[in-house]
Amino acid sequence: MPELFGHTRAHVGPRHALLTPHNHVNSNVPGITGATTIVLINEAMGAKFAQLLVTFQKGGRATFRQHDVQTFGYVMEGEVTLMQAGAKQRCTDGNFFFSPAGQVCDLTAPKAGTKVMFFQKKAVAHPGAPAARAIFGDEAKVKGTPFLGDPAANLQVLLPDEPAFDMAVNIFAYQPGGHLPFVEIHVMEHGLVMLDGQGVYRLEDSWYPVEAGDVIWMGPYCPQWFVAMGKSPARYLYYKDVNRAAL
Ligand code: UGY
Ligand code: MN
């Protein structure tokens with residue numbers, strides 16, 4: 001959507017935020033070179049996780065090695081080589097990976113213009129739970145299920161839903177007119193990027209037109225609802241904190 005000079009669809013508030021691609025400003029992040037890095041969401045916004053968009057130049061590299069931080073990556077476009085847990089994989093769009101806290105994850109040899117969306121979360125230990133393991137996958141091979149029985153809202157769960165994992169990353173695909181069945185209010189946070197299509201997102205008491213490339217932060221208990229609009233399906237990739245004690 002065109003932005004009028006001096007205007008923006010973006011909003012940043014205490015419990016939710018919307019950023020459009022027109023708002024992006026680069027950051028230099030240690031470990032990432034030969035790339036444009038946008039820190040879309042992090043603790044400065046009020047979130048307990050970080051969401052970063054990295055667009056690589058030829059020869060760019062990203063190395064994550066923080067002892068307490070887990071990193072999930074999703075290739076939005078392009079091609080890059082992933083080295084993690086002793087395995088090397090060439091990743092293309094739709095591939096995703098999860099690197100547990102304390103392990104090194106290295107992205108090299110990107111095609112110019114390769115875009116990777118990252119979600120990072122400090123790992124929260126859970127007594128008795130095994131440590132999370134490295135994951136590599138392809139969204140095309142993840143079976144979707146109709147959300148609460150509605151075939152117009154299809155949910156793909158990319159990471160294992162097990163006590164070892166305290167974060168989830170899912171893809172929601174909506175047929176035009178498909179929508180969340182009710183206004184959700186929950187303790188879990190979300191970080192979200194619109195992958196395809198368009199629609200209207202309700203966040204607290206505001207309704208926002210959104211389209212591919214937009215990013216949303218929903219803090220705990222942010223009332224949220226979405227309806228897909230237009231002539232093609234809408235899809236979004238989103239993060240959620242899961243599987244840990246309430247107190
Ligand atoms: O998993 C979820 O909470 C999801 N239904 N929320 C959302 O799409 N905003
Ligand atoms: Mn939700």
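Reckoned from all heavy atoms, side chains included, excluding hydrogens, waters and symmetry mates. When a ligand or atom number is given, it counts from 1 through the structure's own listing order.
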Part of Phe182 with heavy atoms under 4.0 Å of ligand 1, whether side chain, backbone, both or neither: neither
Arg9 with Asp214: basic N within carboxylate O range, under 4.0 Å: yes
Quick one: does Lys240 get an N or O within less than 3.5 Å of an N or O on ligand 1? yes
Under 4.0 Å between a Lys/Arg side-chain N and an Asp/Glu carboxylate O for Lys48 and Asp241? no
Test of ring centre spacing under 6.0 Å for Phe96 and Phe118: no
Please determine whether Gln224 has a backbone or side-chain N, O or S atom lying under 2.8 Å from the Mn ion (ligand 2). yes
Within the 4.0 Å heavy-atom shell around Tyr238, which atoms of ligand 1 are there? 1 (O), 2 (C), 4 (C)
Run the numbers for me: atoms of ligand 1, each under 4.0 Å from some heavy atom of Gln224, listed by number. 6 (N), 7 (C), 9 (N)
Considering non-hydrogen atoms of the protein only, which is the closest contact for atom 8 (O) of ligand 1, and what is the distance? Tyr236 OH, 2.6 Å
Can you tell which part of Phe226 has a heavy atom less than 4.0 Å from ligand 1: side chain, backbone, both or neither? neither
Could you check whether any heavy atom of Tyr201 sits closer than 4.0 Å to an atom of ligand 1, since that is the contact criterion I want to use? yes
Kindly compute the distance separating SG (Cys222) from CZ (Arg202), expressed to the nearest 0.5 Å. 9.5 Å
I need the Phe165 CZ to His126 NE2 distance, nearest 0.5 Å. 13.5 Å
Here the atoms of ligand 1 under 4.0 Å from any heavy atom belonging to Phe172 are 4 (C), 5 (N), 8 (O)
Report the part of Met188 (side chain from C-beta onward, or backbone N, CA, C, O) that has a heavy atom under 4.0 Å from ligand 1; answer both or neither where that applies. neither
From the options Tyr174, Phe226, Tyr238, Tyr208, select the one residue that forms a ring-ring contact (aromatic ring centres under 6.0 Å, His included) with Tyr201. Phe226
Could you find the nearest protein heavy atom to atom 6 (N) of ligand 1 and give me its residue, atom name and distance? Glu184 OE1, 2.9 Å
What's the NE2-the Mn ion (ligand 2)-OE1 angle here (His190, Glu184), rounded to 10 degrees? 170°
Compute the minimum heavy-atom distance from His186 to ligand 1 and say whether it is under 4.0 Å. yes
Taking the six-membered ring for Trp, are the ring centroids of Phe72 and Tyr239 within less than 6.0 Å of each other? no
For Gly219, does its backbone N or O pair with a side-chain atom of Glu189 as donor and acceptor, under 3.5 Å? no
What distance separates Phe64 CZ from Gln70 CD, expressed to the nearest 0.5 Å? 13.5 Å
